[in-house]
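Just follow the structure's listing: the first ligand is 1, and inside any ligand the first atom is 1. Values below: all heavy atoms of this structure, side chains included; hydrogens, waters and symmetry mates excluded.
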Amino acid sequence: MHREGTDPDNVQADDVLCDFCGDAAWAEDIPCVEGHQGSLICGRCLSAAYESIIIGSGGTPQPACTMCLERREEPMWSGKRDSAICRRCIKQSAGVLHKSEDWEWSKPTLDS
Ligand SMILES: [Zn+2]
Ligand SMILES: [Zn+2]
């Protein structure tokens, strides 16, 4: 998401915040993946979401996924903010970051 008051014609790196922890992921050089309507999840949150939902069986029912905007009847991972990410988006985003050559990010494993 964009910091409140961001000029849409002149978006700065530190205007772009992770929807889940609120960190300025771009400015801090943290890997991140974009979803619909400017939504964003950073690699740190994605790791936590992956561990909780894909590896574990965590998550809580949420009204809708922040990343794909779809309503799903399944537990989703929610960050510190009022946002949620569904299983499909976690997998998709993890796949994107995992393959990206720009980032040293890999999918969490059971023993990490
Ligand atoms: Zn984050
Ligand atoms: Zn989703």
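- For the side chain to side chain contact (heavy atoms under 4.5 Å, CB included) test with Met76, the passing option among Cys65, Cys89, Ser52 is Cys65; the others fail.
- Look at Cys32 and the Zn ion (ligand 1): no N/O/S atom of the residue is under 2.8 Å from the metal.
- When rounded to 10 degrees, the angle formed at the Zn ion (ligand 1) by SG (Cys45) and SG (Cys21) equals 110°.
- Within the 4.5 Å cutoff, no side-chain heavy atoms of Arg72 are placed close to those of Arg87.
- Taking the six-membered ring for Trp and thresholds of 30 and 60 degrees, His98 and Trp105 have ring planes more than 60 degrees apart, a perpendicular arrangement.
- Centred on the Zn ion (ligand 2), the angle running from Cys89 (SG) to Cys65 (SG) is recorded as 110°, rounding to 10°.
- Annotation for Asp14: atom CG counts as buried by contact number, over 12 foreign heavy atoms lying within 6.0 Å.
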